[in-house]
2 protein chains.
Amino acid sequence: MTITGPNRTTGCKTVALLAYDGCQGSAIASLIEVLDIANLYGARGDPRAEPLFRWGVVSPDGRAPVAMGGLDIAVGGSPASVPAPDLVFIPGLHFTGDVAHFMQQIASLAQDCGAWLRAQHEGGRVVAVSCAGAFVLAESGLLDGRKATTSWWLGKLFRARYPRVDFREGELVTQDGRILSSGAFTACLDLALRIVEHFGGPALALSCAKVLLIHAKRDSQFPYMTLQARVAHQDELVLRAESHIRSHVRETLSVEQLAAELATTPRTLNRRFREVLGCSPKQYIQDLRVEGAKRLLESTDLDFGEIVERVGYVDPRSFRRIFERATKVSPSLYRRMFSISQG
Amino acid sequence: MTITGPNRTTGCKTVALLAYDGCQGSAIASLIEVLDIANLYGARGDPRAEPLFRWGVVSPDGRAPVAMGGLDIAVGGSPASVPAPDLVFIPGLHFTGDVAHFMQQIASLAQDCGAWLRAQHEGGRVVAVSCAGAFVLAESGLLDGRKATTSWWLGKLFRARYPRVDFREGELVTQDGRILSSGAFTACLDLALRIVEHFGGPALALSCAKVLLIHAKRDSQFPYMTLQARVAHQDELVLRAESHIRSHVRETLSVEQLAAELATTPRTLNRRFREVLGCSPKQYIQDLRVEGAKRLLESTDLDFGEIVERVGYVDPRSFRRIFERATKVSPSLYRRMFSISQG
DNA sequence: CCGGTAATTGTCATTTCCGCCCCTGTCGTC
DNA sequence: GACGACAGGGGCGGAAATGACAATTACCGG
């Protein structure tokens with residue numbers, strides 16, 4: 001797939017999509033299709049109109065990579081084969097849980113494409129990444145001091161590795177100057193819409209959204225997050241506290257009580273939790289309760305008041321506040337999003 | 001991309017994905033990735049576990065097709081190269097508005113693959129289609145008397161062409177026996193989840209949904225539908241009526257009044273509308289008003305009561321009912337889904 | 001046994017925010 | 001048209017989190 005003809009001399013925008021081994025092929029295919037649809041709807045009524053977008057797929061070495069899941073993707077050459085793109089897109093990368101291997105892939109990509117990416121950005125082009133693609137940009141230093149996001153399950157790793165980036169946890173799409181980033185897998189669709197909006201305006205983006213069946217205004221990744229495994233640790237006191245909490249989540253549970261139970265003081269408990277788990281005991285309990293409520297919303301028809309009681313709260317109003325802070329959606333919307341039972 | 005090894009002798013399920021010229025490549029890539037993720041999450045804790053899914057991409061003639069937007073897709077061969085798949089998937093096809101050309105593509109596909117598809121289905125395999133893929137199945141006679149859906153903008157065409165199919169307008173995913181179908185573009189993600197659920201259970205599907213950032217329970221295409229261009233016609237009376245309606249939508253408007261205005265009777269007006277446009281004058285007016293309300297919800301901050309008045313209604317309660325019947329969501333949710341302004 | 005040092009814990013004041021209560025408005029259902 | 005479940009604003013008393021600093025403990029070599 002190669003680019004033909006000129007671009008910057010006209011109103012037509014050129015997009016270069018970077019494919020590489022193990023990349024999320026659907027992000028590339030989706031973006032292409034969204035641009036294709038935008039071309040169709042943008043030229044409504046005039047079939048001879050110049051298309052709004054052109055695009056080409058490239059790879060670091062110019063050879064066809066094998067995407068995630070084993071799909072072969074044909075490319076038009078190395079990055080140099082798309083002269084003067086208006087936008088560069090880097091898809092994500094599957095993370096299987098092996099941090100070392102993952103970071104090594106990122107480092108290798110950054111080495112191959114970092115200089116090119118920096119040059120593109122300095123040359124005034126828009127750079128858009130989705131999912132783990134943000135790591136490549138961060139590694140290349142392009143995100144220092146800038147807003148960015150990534151897949152929700154990579155958030156902690158990202159924040160730890162790149163403290164200089166203005167990391168926006170849980171956001172779906174971020175924009176900072178000419179740098180766009182987006183979250184997990186299908187967030188690339190929201191990113192694609194943002195790109196269409198950027199070059200073609202909000203009305204065109206909305207038309208595309210309706211054809212594609214995407215909310216034009218999905219707002220965050222928060223509702224999708226699940227409680228991740230805590231860091232392993234050896235703190236005997238905290239371990240005992242965790243165990244005690246786990247077996248009493250359903251009951252009213254105060255930190256003071258808990259401290260007494262473990263023959264220590266609230267202050268110590270607080271300090272140790274923060275040190276080892278990075279949060280307060282109360283927070284820990286709340287997280288568990290919210291996760292419990294999510295399970296009940298997903299798998300039962302109990303009404304919210306009942307669920308509130310089951311996870312150890314009395315007042316629906318307060319627990320709703322906590323639930324919404326964690327998930328960024330209301331309980332009923334959460335249920336509509338993730339209910340397992342038939343509807 | 002080829003399948004290696006056996007399949008039906010074990011618990012592993014094999015999926016054959018059919019690619020063809022102009023097909024929606026992202027549907028293929030997405031399904032592959034969803035299956036890949038399902039393999040990862042399904043085997044949690046046991047890296048040596050046999051994967052739940054295997055897959056292979058094929059094309060009618062075994063050669064690599066060029067997907068929508070110009071993306072080349074590598075295939076493992078013709079349909080015969082995936083022996084005994086457990087599921088066959090057919091992606092959609094871009095519809096640019098040229099019905100004749102579209103139907104010719106469908107006919108050609110049905111000719112190439114119809115017999116194979118029928119054999120697969122008769123052999124007990126699951127057949128899944130997304131978007132315009134339903135036309136291929138319908139053309140091959142596999143959908144007669146069965147539930148099916150397709151992209152919302154193809155609904156009328158589908159119903160007209162295949163009256164024997166139990167067409168479910170606006171549904172996102174349908175299942176009838178071993179035949180699955182899904183609606184517009186990204187509905188293939190919902191279909192993919194349904195496939196995972198079918199072979200791996202609801203809990204696994206939910207885990208995948210959260211990683212992919214998909215609602216596990218998106219319910220319909222209705223909110224995304226927009227008023228489509230009406231059929232062109234020559235009925236002078238109806239044309240005058242349409243014109244009169246368009247210029248008076250904002251005012252209270254009765255069919256009786258309208259008939260008087262055009263020097264005819266309500267009965268005639270009804271008959272002619274039904275004959276030419278397939279709906280009643282009242283329905284026609286309502287459709288316009290709902291569409292007007294949608295525009296206002298998308299682009300302004302006016303509250304619903306105000307909008308109701310602007311489109312010519314008095315009672316918010318009754319207009320809400322009409323709005324919800326058409327869109328299947330409440331006005332406030334519609335605004336949250338498609339609001340153009342910042343939020 | 002002692003004093004020095006560092007790590008940990010306790011005390012307390014401050015601020016934040018939780019949890020409970022009131023209420024109204026919206027939505028879907030019957 | 002009425003009802004019940006849900007959403008969410010606001011206020012208040014009290015619990016929780018945390019910083020600063022003092023007190024205690026643990027661990028040394030001398």
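All values derive from a computational prediction rather than experimental measurement. Letters A, B, ... are given to chains in the order of the sequence lines, protein chains preceding strands, and every chain is numbered from 1.
Among the nucleotides D/dA7, D/dA17, C/dG19, the one closest to the side chain of A/V255 is D/dA17. Here the side chain of B/E324 is nearest to one of D/dC6, C/dC20, C/dG28, namely C/dG28. Closest approach to the A/F304 side chain among D/dA20, C/dC20, D/dC6 is made by D/dC6 (side chain taken as heavy atoms from C-beta onward). Side-chain proximity of B/S330 to the nucleotides D/dT18, C/dC27, D/dC6 is greatest for C/dC27.
For A/R317 and D/dG8, the shortest distance from a side-chain N or O to OP1 or OP2 is not below 4.0 Å. For C/dC18, one of the phosphate oxygens OP1 or OP2 lies less than 4.0 angstrom from a side-chain nitrogen or oxygen of A/R325. Distances shorter than 4.0 Å separate none of the side-chain N or O atoms of A/R274 from OP1 or OP2 on D/dA17. Contact annotation: A/S280 reaches the phosphate of D/dA17 (side-chain N/O to OP1 or OP2, under 4.0 Å). Within the structure, every side-chain polar atom (N or O) of A/R320 is placed at least 4.0 Å from both OP1 and OP2 of C/dG19. Contact check, A/T268 against C/dT9: no side-chain N or O comes under 4.0 Å of OP1 or OP2. Between A/Q286 and C/dG19, a side-chain N or O to OP1/OP2 separation shorter than 4.0 Å is present. Taking 4.0 angstrom as the limit, A/S332 places a side-chain polar atom (N or O) nearer than this to OP1 or OP2 of D/dA7. Look at A/K282 and you'll find a side-chain N or O under 4.0 angstrom from OP1 or OP2 of C/dG19. Between A/T265 and the phosphate of C/dT9, there is no side-chain N or O to OP1/OP2 separation shorter than 4.0 Å.
With contacts defined as side-chain heavy-atom distances shorter than 4.5 Å, the pair B/L206/B/Y41 does not qualify.
Not counting sequence neighbours, A/R250 has no partner by the salt bridge (Lys or Arg N to Asp or Glu O under 4.0 Å) test.
Between A/F273 and A/Y284, a ring centre-to-centre spacing shorter than 6.0 Å is recorded.
On a pure distance criterion of 3.5 Å, a polar donor-acceptor pair joins the side chain of A/R267 and the base of D/dG19.
The C1' atoms of five pairs define one axis at each end of the helix from C/dC1-D/dG30 to C/dC30-D/dG1, and these two axes lie 50° apart (to 10°).
Note: CZ (A/R321) to C1' (C/dC22) measures 12 Å, nearest angstrom.
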